[in-house]
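Notes for the one structure printed next.
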Amino acid sequence: MQKLDFRSRNTSEQWLALTLVALGVVFRLAPHPENVTPVAAIALFAGVTLSPVLAFTVPAIAMMATDLSIGWHSFFCALRPIFPPVTWM
């Protein structure tokens, strides 16, 4: 049985992942038309071109980095049904 290796040893792939994260942060913070989802497009592109671990972490890091400046509003709304004391936020 062959062991799967999910780590990327390819430096060009790592640079591409870093560039996609940076583009995701810039495009998410820049004003854009409604229903335009640049992070979803980056996630699809990363899923096709990068290794599985990098393809998962690229959009996640871009979303977490921009949530620090935009705010965690959707996170608190998601917690309301589960944790009622969060409703005052």
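Apart from Val39 itself, the hydrophobic cluster it occupies contains Met63, where clustering links Ile, Leu, Val, Met, Phe, Trp and Tyr at side-chain heavy-atom distances under 4.5 Å. The other residues sharing a hydrophobic cluster with Leu18 are Trp15, where clustering joins ILVMFWY side chains under 4.5 Å apart.
Between Ala55 and Gly47, the shortest heavy-atom contact is CB-CA, 3.7 Å. Taking every heavy atom of both residues into account, Ile42 and Leu20 meet most closely at CD1-O, 3.8 Å.
Each of Leu16 and Phe56 belongs to its own hydrophobic cluster when Ile, Leu, Val, Met, Phe, Trp and Tyr are linked at side-chain heavy-atom distances under 4.5 angstrom. One hydrophobic cluster holds both Phe45 and Leu23 under the rule that ILVMFWY side chains link at heavy-atom gaps under 4.5 Å.
With sequence neighbours left out, the side-chain contact (heavy atoms from CB on, under 4.5 Å) criterion links Ala17 to Leu50, Leu54, Val58.
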Criterion side chain to side chain contact (heavy atoms under 4.5 Å, CB included) on Phe27 and Thr66, from CA distance to verdict: CA-CA 10 Å; Phe27 286 139; Thr66 54; over 6 Å; no

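In this structure the side chain of Val48 never reaches within 4.5 angstrom of the side chain of Leu44, judged on heavy atoms.
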